[in-house]
Visitor: 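Right, I'll just put the structure down here and ask away after.
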Amino acid sequence: MTFRDDSIILLHSNQDLNPIESGVFMLKRTEYCGRLRASDVGKSVIVSGWVHSYRDHGNLVFVDLRDREGLVQLVFDPENHPDTHKSARDLRCEWVISAQGTVRRRSEGMTNPKLPTGEIEIAVERFELQNTAKTPPFEIDDATNVGEETRLQCRYIDLRRPSMQNRLRIRHRVTKIVRDFYDDNGFYEIETPFLGKSTPEGARDFLVPSRLCKGMFYALPQSPQLFKQILMVSGMDRYFQIVRCFRDEDPRADRQAEFTQIDVEMSFVNSEDVMALNEKLICRIFKEILGVEVPQPVRRMTYQEAIRDYGIDRPDLRFDMKLKDISDIAGKSTFKVFTGVVESGGIVKGLCAPGGGRKYSRSDIEKTLADFVSDFGGKGLAWFKVEAENGKPVLKSNLVKFFTHEQQEQMLQRFGAADGDLILLVAGPAGQVNKALAPLRVRIGKELGFARPEQYAFVWVVDFPLFEWNPDEKRFDSMHHPFTSPIEEDMHKLETDPGNIRSQAYDLVVNGSEIGGGSVRIHNPARQAKVFDLLNITRQQAEDRFGFFLRALEYGAPPHGGIAFGLDRLIMILTGTDNIRDVIAFPKTQRGQCLMTEAPSTVELAQLNELNLRVQAHSHGKHQPE
RNA sequence: GGGGGCGUAGCUCAAUUGGUUAGAGCAUCGGACUGUCGAUCCGAAGGUUGAGGGUUCGAGCCCCUUCGCCCUCGCCA
């Protein structure tokens, strides 16, 4: 510490400008460090930034100066500017300076091809020390792998790293494209409230106590759903918003409690209109950010097809490897597990991994893959390796004996199996089987190198069921949300067969990730009431929760529909990270804490009193007062 | 709420079966050095092994408790 103080005094003692104390900064930036090129040779420039690294040769001193745009090399030469050179020898990493000098071309053999600015350097004539810095807890360098806990505690340091700056830059560019796109297409950006009304359905709400209405609470919005529909009733015609949403559920690698949606609603449209317009936005983003041409129109796939072939409503279509139902074959085998499942209405379904027979050993399958399947609720994993005998593929497995020759042939046929392949089967209730097979398919597709990271396979999944049966509550729940409109031709099933009504809902999926979803809404109050009935929402409940909205629908609601994109996930895909915290400037941990600010925290008793709240005693929590 | 992984110097990691004074690279500090760019060379400093307890002659290592981070199931209309 004493050294640091001395060094500042040293700097002050000579002719160079050291305005930390005086506060008078003379050198105003003229260029970004990282933007300088050979074309700038000869220019007199002033750059400002952080000392990224310094190389002191006793005589010559080199400093790599860093700003948002990159690095540039500063040279301090004792022959030309002895005082400046002397001061420069005391510079340390992350000190902030402004330097004036001349851009000059580096001589032959001294260029640095690793830097975009590597052909030039700045011969510094004078500089100002704007600030010193403590030694940072870790290096500002993408090469060193720093633990995330440390990064989150010192996020201001972490965000100096080029990779983080790049991700936030891309995020900015995307939101700029979004705003331009919707503006070009006649949308208004309109803000909606954050302090809203709690609705007990869906995700858990974040609650905010009201001071003025004692004992009452606002809820932070899970999405601006009802407000955007009301904006359509209000005649705004087209709305969008880049908006924070809040869901108080456990985070995941790709999920934060607060996240950002690109929220969109349009009047006088059908689902095709919404998809056709909004896929253009995604195409524009992929084109401008990645240079990737997304084929338009984006492929459509029904929900039913997605579940049948991929076991999931967000299929990764970078590779084929479709799931095949072999219940008909397995049900006739003598393998009790399969016949039992088929007799009780379950299915036997599986996939054929090309080359998987060579890639996976028996213990890979029976331990690693079987454990993986069981993590997702699969009860066992049956396998057959496919090998060629006399030029014909045959099945090899301890289960072969339960299948006749003909059944084996049928199985090979069904999967189109060839020498070296691996057939994996799961048996059980259809939902359970699909839930286990879908992640297995993706895992194997990645492990076998079929899912290339630089490839982007888009698909609209359409015709979602309107309802899904909730066995615990013994009632139907909305699959999307209760304002989703059924498909017209399925309306007659409303009384008789509600489970098979399709909805005008659609999800945009890329590489197995849902990046957006929406629907055409019900704009007829009578039909909305009917749907509430089917959801076992009483008139009173509907009135309590959405009364304001139902009343709005009665005042001339236009037909309307919309969509919401998950901005964070979109940025994850565009930047190729699987960690959502890497695309959020100030994210939270799995316990929802901000390690930098240490939120959440306890509050003053006076604050609680003002809100008429009292905190119950509880056993743990290190931040609790004694 | 369940399952799994991790926690050792500022950072990234090592430390044999429980056995000497817990090591290395980077960073830091001092010195040397005319073109470096992951500078180099010489030297120095740096540790409550996340915390607490236990077993033991002896614990970074074994046991118990606890805190934190990550992944995951449930959850996320």
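From a predicted model like this one, the values you see are computed outputs, not experimental measurements. Throughout, protein chains are lettered first and strands after them, A, B, ... in sequence-line order, and every chain is numbered starting at 1.
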Visitor: Ring pair (Phe, Tyr, Trp, His ring centres under 6.0 Å) with A:F376: which residues, sequence neighbours excluded?
Guide: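 By the ring pair (Phe, Tyr, Trp, His ring centres under 6.0 Å) rule, A:F376 matches A:F372.
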
Visitor: Could you give the CG-to-P distance, from A:D371 to B:G2, as a whole number of Å?
Guide: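 Going from CG in A:D371 over to P in B:G2 covers 20 Å.
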
Visitor: How would you label the contact of A:E121 with the nucleic acid (heavy atoms, under 4.0 Å): base, sugar-phosphate, or nothing?
Guide: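 The residue A:E121 makes base contact.
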
Visitor: Under a 3.5 Å limit for both distances, which nucleotide forms a Watson-Crick or G-U wobble pair with B:C26, could you say?
Guide: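 For B:C26, the partner nucleotide comes out as B:G10, under the 3.5 Å rule.
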
Visitor: Distances under 3.5 Å between protein N/O atoms and the N/O atoms of nucleotides 74-77 of chain B, please, pair by pair.
Guide:
residue: B:G74; atom: OP1; partner: A:K435; partner atom: NZ; Å: 2.7
residue: B:G74; atom: N7; partner: A:R252; partner atom: NH2; Å: 2.8
residue: B:G74; atom: O6; partner: A:R252; partner atom: NH1; Å: 3.0
residue: B:G74; atom: O6; partner: A:R252; partner atom: NH2; Å: 2.9
residue: B:G74; atom: N1; partner: A:D250; partner atom: OD2; Å: 3.0
residue: B:C75; atom: O2'; partner: A:E249; partner atom: OE1; Å: 2.6
residue: B:C75; atom: O2; partner: A:R255; partner atom: NH2; Å: 3.1
residue: B:C75; atom: N3; partner: A:R255; partner atom: NH1; Å: 3.2
residue: B:C75; atom: N3; partner: A:R255; partner atom: NH2; Å: 2.9
residue: B:C75; atom: N4; partner: A:R255; partner atom: NH1; Å: 3.3
residue: B:C76; atom: O2; partner: A:R255; partner atom: NE; Å: 3.4
residue: B:C76; atom: O2; partner: A:R255; partner atom: NH1; Å: 2.9
residue: B:C76; atom: N3; partner: A:R255; partner atom: NH1; Å: 3.0
residue: B:A77; atom: OP2; partner: A:R247; partner atom: NH1; Å: 3.1
residue: B:A77; atom: O3'; partner: A:S478; partner atom: O; Å: 3.1
residue: B:A77; atom: O2'; partner: A:S478; partner atom: O; Å: 3.2
residue: B:A77; atom: O2'; partner: A:M479; partner atom: O; Å: 2.9
residue: B:A77; atom: O2'; partner: A:H480; partner atom: O; Å: 2.4

Visitor: Considering residues at least two apart in sequence or located in another chain, which fulfil the ring pair (Phe, Tyr, Trp, His ring centres under 6.0 Å) criterion with A:F565?
Guide: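 Ring pair (Phe, Tyr, Trp, His ring centres under 6.0 Å) check on A:F565 returns nothing, list empty.
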
Visitor: Hey, does the side chain of A:R92 come within less than 4.0 Å of B:C29's phosphate (OP1/OP2), counting only N and O?
Guide: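 So the side chain of A:R92 is within the cut-off, an N or O lying under 4.0 Å from OP1 or OP2 of B:C29.
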
Visitor: Quickly work out the A:L60 CG to B:U40 P distance and round it to whole Å.
Guide: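 So the CG-P distance, A:L60 to B:U40, works out to 17 Å.
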
Visitor: What pairs of donor and acceptor atoms, side-chain ones from residues 428-439 of chain A against any protein atom, are under 3.5 angstrom apart with sequence neighbours left out?
Guide:
residue: A:N434; atom: OD1; partner: A:K349; partner atom: NZ; Å: 2.7
residue: A:N434; atom: ND2; partner: A:A430; partner atom: O; Å: 3.3

Visitor: Just jot down the salt bridge (Lys or Arg N to Asp or Glu O under 4.0 Å) partners of A:D56, sequence neighbours excluded, or say none.
Guide: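 Per chain and number, A:D56 pairs via salt bridge (Lys or Arg N to Asp or Glu O under 4.0 Å) with A:R89.
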
Visitor: Using a heavy-atom cut-off of 4.0 Å across all strands, would you classify A:D77 as base, sugar-phosphate, or nothing?
Guide: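 Contact class for A:D77: none.
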
Visitor: Taking the six-membered ring for Trp, are A:F464 and A:Y303 parallel (under 30°), tilted (30 to 60°) or perpendicular (over 60°)?
Guide: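 The arrangement is tilted - the two ring planes meet at 30° to 60°.
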
Visitor: Base, sugar-phosphate, or nothing for A:F464, non-hydrogen atoms under 4.0 angstrom?
Guide: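 The answer is nothing, as A:F464 stays clear of every strand by at least 4.0 Å.
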
Visitor: Between the protein and nucleotides 7-10 of chain B, which nitrogen or oxygen pairs are less than 3.5 angstrom apart?
Guide:
residue: B:G10; atom: O2'; partner: A:P137; partner atom: O; Å: 2.5

Visitor: To the nearest Å, give me how far apart CG (A:D375) and P (B:G5) are.
Guide: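 One finds 13 Å between P of B:G5 and CG of A:D375, rounded.
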
Visitor: Which part of the nucleic acid, if any, lies within contact of A:R105, taking any heavy atom under 4.0 Å across all strands shown: a base, the sugar-phosphate backbone alone, or nothing?
Guide: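 No contact at all - A:R105 keeps every heavy atom at 4.0 Å or more from the nucleic acid.
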
Visitor: Tell me yes or no: between the side chains of A:E125 and A:T84, is some donor less than 3.5 Å from an acceptor?
Guide: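 No - no donor-acceptor pair under 3.5 Å links their side chains.
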
Visitor: Looking at residues at least two apart in the chain, or sitting in another chain, which of them share a ring pair (Phe, Tyr, Trp, His ring centres under 6.0 Å) with A:Y310?
Guide: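 Listed in chain order: nothing, the list is empty.
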
Visitor: Please list each protein N or O that sits under 3.5 Å from an N or O in nucleotides 43-47 of chain B, with the distance.
Guide:
none

Visitor: By the 4.0 Å heavy-atom rule, please label A:Q590 as base, sugar-phosphate, or nothing.
Guide: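 The answer is base, as A:Q590 lies within the cut-off (heavy atoms under 4.0 Å) of a base atom.
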
Visitor: Just the rounded figure in Å: distance from C1' of B:U28 to CG of A:D90.
Guide: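 About 15 Å, once rounded to whole Å.
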
Visitor: With a 4.0 Å cutoff (strictly under), does any side-chain N or O of A:T589 reach OP1 or OP2 of B:C69?
Guide: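 Yes, because at least one side-chain N or O of A:T589 sits under 4.0 Å from OP1 or OP2 of B:C69.
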
Visitor: Go through the structure and list residues passing ring pair (Phe, Tyr, Trp, His ring centres under 6.0 Å) with A:H481, not counting sequence neighbours.
Guide: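 Partners of A:H481 under the ring pair (Phe, Tyr, Trp, His ring centres under 6.0 Å) test: A:F483.
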
Visitor: With sequence neighbours left out, write down each residue that passes salt bridge (Lys or Arg N to Asp or Glu O under 4.0 Å) with A:D250, or none if nothing qualifies.
Guide: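 Checked A:D250 against salt bridge (Lys or Arg N to Asp or Glu O under 4.0 Å); zero matches.
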
Visitor: Side chains of A:P224 and A:Y239: closer than 4.5 Å at any heavy-atom pair?
Guide: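 Yes, at least one pair of side-chain atoms sits under 4.5 Å.
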
Visitor: Do A:T260 and A:R244 have side-chain atoms, one donor and one acceptor, less than 3.5 Å apart?
Guide: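 Checked: A:T260/A:R244 side chains pair up, N/O donor to acceptor below 3.5 Å.
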
Visitor: Using a heavy-atom cut-off of under 4.0 Å over every strand shown, decide if A:R151 touches base, sugar-phosphate, or nothing.
Guide: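 Nothing, no nucleic acid heavy atom in range.
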
Visitor: Between B:C70, B:C37, B:G35, which nucleotide has the shortest distance from any of its atoms to the side chain of A:H57?
Guide: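 Of B:C70, B:C37, B:G35, B:G35 is nearest to the side chain of A:H57.
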
Visitor: Whole angstroms only, please: what is the CG-C1' distance between A:N145 and B:G38?
Guide: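 In whole Å, B:G38 C1' and A:N145 CG are 16 Å from each other.
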
Visitor: What residues form a side-chain contact (heavy atoms from CB on, under 4.5 Å) with A:N524, not counting sequence neighbours?
Guide: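 Testing A:N524 for side-chain contact (heavy atoms from CB on, under 4.5 Å), a comparison that skips the adjacent residues, returns A:A526, A:R527.
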
Visitor: Where the side chain of A:Q593 is defined as all heavy atoms beyond and including C-beta, which of B:C71, B:C33, B:G68 is the nearest nucleotide?
Guide: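 Of all the options, the side chain of A:Q593 is nearest to B:G68.
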
Visitor: Please work out if A:E79 contacts a base, only the sugar-phosphate, or nothing of the nucleic acid, heavy-atom cut-off 4.0 Å.
Guide: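 It contacts base atoms.
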
Visitor: Listed in order of residue number, which residues of residues 109-118 of chain A have a non-hydrogen atom at under 4.0 Å from RNA chain B?
Guide: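 Hits under 4.0 Å, by residue number: A:M110, A:T111, A:N112, A:K114.
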
